[in-house]
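Here is the naming used below: chain letters follow the sequence lines, and residue numbers restart at 1 for every chain.
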Number of protein chains: 2
Amino acid sequence: MSDTLYTVTQLANDLGVTARTVRFYEDKALLNPRRAGNNRVYTHRDRARLILILRGKRLGFTLREIKEYLDLYDADPTRQEQMRALLKRVQARLDSLVEQEKALAETMAELRTIAQQTEAALAALPASEAPSKVRRAR
Amino acid sequence: MSDTLYTVTQLANDLGVTARTVRFYEDKALLNPRRAGNNRVYTHRDRARLILILRGKRLGFTLREIKEYLDLYDADPTRQEQMRALLKRVQARLDSLVEQEKALAETMAELRTIAQQTEAALAALPASEAPSKVRRAR
DNA sequence: ATCTCACTTAACGTATACGTCAACTTCTAT
DNA sequence: ATAGAAGTTGACGTATACGTTAAGTGAGAT
């Protein structure tokens, strides 16, 4: 009944990251697994937490931001404040991405212009349309 | 004529960067101004070069890539090989940006989903719809 | 008993593009 | 002569997310 326990390597492989990464997250206080002697032991809760972390990363949040969110999760039993905060973050990120989208479009337009101009300039060149393989075979 | 000469600070201010940046580019062999004694002196050619560098940056190329391009510019009198190389780089960058665009769209979609779900969850909450300003005024 | 694997901590390395001193030298103006 | 502005060369600092040794511990397998 999902009382499975994991070692670092297991959990890491399971979620497609390295053990180093998982330990790193712990160092950054994003995870806090129990120990069996000296070794880390992860529960399904830890696993869920890590999944949240990875999702946050995919969505472009920094580890610091993710940590703030997770800290709220822990400190907010009703989860209301946490959801408000989440909403704020998500909106902000969306705004930022909208801007990125614009910038991206502009950049692509400029690159396409350059490509066209360059192609035109190359086509206007008279000699050596292709680097003739037999130029003075030696 | 445009035989104007610039000092680092002048050139930097002129193009909206810091003198540190201009010197940094020289350290990276992207610029190679003359000297008047110990001081850097920039010509309109140097200025044009710097403009190219900044443009490349705007378009998302690394300084290393920009340097390769500029080196070609110097070593290729006909400018043909250079233009081919440029075309290649530009195409590659465009491909990369197209992928970024996709990833961006996916990310935004996921964020919008999260936002909606969070809003719904918040709306479903009974108490304290807004953090009432007068909660037990003390 | 020894090998070998998995685990541990600590700490330096990486990539990118500069920012920010520190410590001088030089030039111009007063 | 001297203050002040501007220039110079190092060289370390910054931010982010880990990678990569190094050096050692504990446990099961042979």
Between [N] atom [atom2] and [X] atom [atom1], what is the distance in whole Å?
{"X": "B:Leu11", "N": "D:dA6", "atom1": "CG", "atom2": "C1'", "answer": "15 Å"}
{"X": "A:Arg20", "N": "D:dG19", "atom1": "CZ", "atom2": "C1'", "answer": "7 Å"}
{"X": "A:Phe24", "N": "D:dA15", "atom1": "CZ", "atom2": "C1'", "answer": "11 Å"}
{"X": "A:Asp27", "N": "D:dC18", "atom1": "CG", "atom2": "P", "answer": "13 Å"}
{"X": "A:Arg64", "N": "D:dC18", "atom1": "CZ", "atom2": "P", "answer": "15 Å"}
{"X": "A:Arg23", "N": "C:dT8", "atom1": "CZ", "atom2": "C1'", "answer": "7 Å"}
{"X": "A:Lys57", "N": "D:dT16", "atom1": "NZ", "atom2": "C1'", "answer": "9 Å"}
{"X": "A:Ile66", "N": "D:dA17", "atom1": "CD1", "atom2": "P", "answer": "8 Å"}

* Working to the nearest 0.5 Å, report the span between CZ of A:Arg47 and NE2 of A:His44. =>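 Separation between the atoms: 10.5 Å.
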* To the nearest 0.5 Å, tell me how far B:Thr62 OG1 sits from B:Lys28 NZ. =>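 Output value for this atom pair is 11.0 Å.
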According to a strict under-4.0 Å criterion, is [X] in side-chain N/O contact with OP1 or OP2 of [N]?
{"X": "A:Arg35", "N": "C:dT9", "result": "yes"}
{"X": "B:Arg40", "N": "D:dT8", "result": "yes"}
{"X": "A:Thr18", "N": "D:dG19", "result": "yes"}
{"X": "B:Thr9", "N": "D:dG7", "result": "yes"}
{"X": "A:Thr21", "N": "D:dA17", "result": "no"}
{"X": "A:Tyr25", "N": "D:dA17", "result": "no"}

* To do: Check every atom of D:dG7, C:dA17, C:dT8 against the side chain of B:Asn39 and return the nucleotide holding the closest atom.
  =>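 Within the option list, the nearest is D:dG7.
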* Of B:Arg20, B:Arg35, B:Arg49, which meets salt bridge (Lys or Arg N to Asp or Glu O under 4.0 Å) against B:Glu26? ->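 Result for salt bridge (Lys or Arg N to Asp or Glu O under 4.0 Å) with B:Glu26: B:Arg35.
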* Close side-chain approach of A:Tyr25 to A:Leu54, heavy-atom, < 4.5 Å ->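 A side-chain contact exists here, since the closest heavy-atom pair is under 4.5 Å.
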* **Any side-chain heavy-atom pair of B:Thr43 and B:Asp46 under 4.5 Å** =>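 Touching, per the 4.5 Å side-chain cut-off.
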* Asked: Which part of the nucleic acid, if any, lies within reach of B:Lys28 when heavy atoms closer than 4.0 Å are counted: base, sugar-phosphate only, or nothing?
  ->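 The answer is nothing, as B:Lys28 stays clear of every strand by at least 4.0 Å.
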